[in-house]
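Right, one structure below, let's go through it.
In this chain, residues are counted from 1 in sequence order.
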Amino acid sequence: MTVIESAATPAPDHQPVPTAPKGGAVLVLGGGTRLPQMLRDHGMYVVYAGSTGEFTAAHGALCHEAWLLADGSEDAWLSRAMALHREVPFVRVVTVRERFLTAAARIGDALGLGGNPLETVLVLKDKSLMRRLLAERAPDSAVPARVMGTPGEVDAFVARVGLPFVLKPRDGSGSEGITIVRDEAGLAEARRLVDGRPGALLAEQFLEGPEFSVETFSGQGRHQVLAVTEKFTGEGSVEIGHVVPARIGAEERAALEEATRVFLDAVGLREGPGHTELILTAGGPRVVESHNRPGGDGIVDLVRHVTGLDVRDLLAAQTAGAPLPAPREDVAGAAATWFLTAEPGVVREVSGWEAAAGQPGIVGVSPDVEPGDAVGPLGGSDDRCGSVTAVGATGDEALARAREAVGLVTVRTETAGAEAAQAPSGSGAEAAQAPSASQGETR
């Protein structure tokens with residue numbers, strides 16, 4: 001294969017490549033190896049574009065060529081895609097990575113490749129645009145929200161909607177930076193945050209109720225529901241567990257599915273995967289946010305365990321113009337993932353993952369920290385310490401198995417000063433205070 005690494009924005013002359021297979025050439029932006037594998041199986045010429053850090057030998061074996069940048073901008077990816085398109089015309093550009101969604105849409109628009117328009121992707125990326133559009137096109141599901149420009153606007157928003165309310169980044173994922181403002185102390189902190197980041201934070205009315213996500217796959221504007229995921233959150237609204245299918249009644253499920261379809265129609269999603277997060281309030285489902293990519297946190301695997309469908313396989317078939325895979329019958333009744341969290345500090349001991357992996361129904365364990373790593377307060381997905389995935393005949397059984405297995409894992413940390421707590425992962429920073437152990441901690 002051809003691998004070109006560059007840090008310069010202008011695209012180098014393209015090296016000659018064999019004539020693209022009958023299926024055409026496809027540009028894959030970032031991600032793992034399953035999507036390139038399936039695209040190649042469909043007879044497509046696979047060009048991978050991503051960072052030097054995520055490209056592996058397995059990518060090299062699957063992709064016909066690759067364009068790699070240590071830290072490329074969207075403009076850099078666009079210029080390279082346009083240069084390469086002149087030599088090996090793409091029929092589609094695809095991605096399952098959050099950070100490449102707008103780049104993929106820009107390339108698709110510039111090259112006339114179809115797919116989801118840039119306008120739709122930008123609405124999904126910017127929660128303030130999403131709220132504004134919903135107020136216009138789907139007012140029944142709209143939620144009061146406003147971008148905060150000054151501390152005084154925080155007080156004005158509270159006067160309008162009351163406490164509590166949610167303050168979060170306009171553009172974000174992984175539960176990063178979400179603050180629930182409940183009292184005067186929280187208001188003071190909200191004013192401080194807005195003063196430091198004017199125009200970057202969105203205030204929304206707090207929604208009361210259980211949380212779910214609806215996993216979809218769309219084609220020509222028609223939205224197929226793959227699964228409804230039940231979600232569990234800890235401190236800072238960070239997700240600490242999922243179960244598929246959600247343990248709800250048929251009426252609630254239908255309401256969540258219909259609200260998702262209405263939302264996806266409103267934002268103009270045309271094709272590919274969708275991951276829409278909702279809260280089931282007393283007044284019905286309300287959309288929290290949505291993405292034109294698969295759900296993270298291993299939700300793709302939960303859906304596959306329960307339906308036999310992998311959204312990356314669906315995307316590959318759609319891209320190649322092939323029939324979509326059908327659900328299987330020899331699957332689990334339910335699947336669940338539970339995450340391990342630990343007290344902030346420097347990790348001194350990790351044990352129990354082998355015992356967890358050997359428990360009934362466990363189909364995967366994912367340790368995320370090792371001795372020497374720093375664990376921060378639970379403020380986002382990256383602050384979790386690992387996860388366990390289980391299957392079972394029912395949601396209750398799968399969830400119980402996952403939580404029991406997580407309970408066998410111990411992550412022992414030493415409470416550290418500010419410098420150690422903020423040290424990069426694997427830094428081995430020394431702690432200044434006494435150790436504490438977290439065994440299956442689920443704060």
Residue pairs meeting side chain to side chain donor-acceptor pair (under 3.5 Å), one or both in residues 196-207, sequence neighbours left out, come to Arg131-Glu204, Lys168-Glu204

Salt bridge (charged side-chain N to carboxylate O under 4.0 Å, His left out) pairs touching residues 358-367, sequence neighbours excluded, are none

Residues passing the side-chain contact (heavy atoms from CB on, under 4.5 Å) test with Ala156, sequence neighbours excluded, are none

Electrostatic pair Asp109-Arg106, nearest N-O below 4.0 angstrom:
no

Here the ring pair (Phe, Tyr, Trp, His ring centres under 6.0 Å) pairs for residues 216-237, sequence neighbours left out, are Phe232-Trp338

Applied to residues 262-286, the salt bridge (charged side-chain N to carboxylate O under 4.0 Å, His left out) test, sequence neighbours excluded, yields Arg92-Glu271

Applying ring pair (Phe, Tyr, Trp, His ring centres under 6.0 Å) to Phe165 and not counting sequence neighbours gives Phe157

Hits for side-chain contact (heavy atoms from CB on, under 4.5 Å) against Ala105, two or more places apart or cross-chain, chain-then-number order -> Leu118, Val121

Hits for side-chain contact (heavy atoms from CB on, under 4.5 Å) against Ser366, two or more places apart or cross-chain, chain-then-number order -> Ser387

Residue pairs meeting salt bridge (charged side-chain N to carboxylate O under 4.0 Å, His left out), one or both in residues 39-59, sequence neighbours left out, come to Glu54-Arg99

*Is it true that Arg401 and Glu397 have a side-chain N and a carboxylate O under 4.0 angstrom from each other?*
yes

Taken in chain and number order and not counting sequence neighbours, the residues that satisfy side-chain contact (heavy atoms from CB on, under 4.5 Å) with Glu258 are Val262

Quick note, side chain to side chain donor-acceptor pair (under 3.5 Å) partners involving residues 313-330, not counting sequence neighbours, are Arg34-Asp313, Arg328-Asp330

Could you check whether Lys125 pairs with Glu98 (Lys NZ or Arg NE/NH1/NH2 to Asp/Glu carboxylate O, under 4.0 Å)? yes

Sorted by chain and residue number, the ring pair (Phe, Tyr, Trp, His ring centres under 6.0 Å) partners of Phe263 (sequence neighbours excluded) come out as none

Report task. Run the numbers on Asp126 and Ser128 for side chain to side chain donor-acceptor pair (under 3.5 Å), then give the verdict. Result -> CA-CA 5 Å; Asp126 189 325; Ser128 65; 2.5 Å; yes

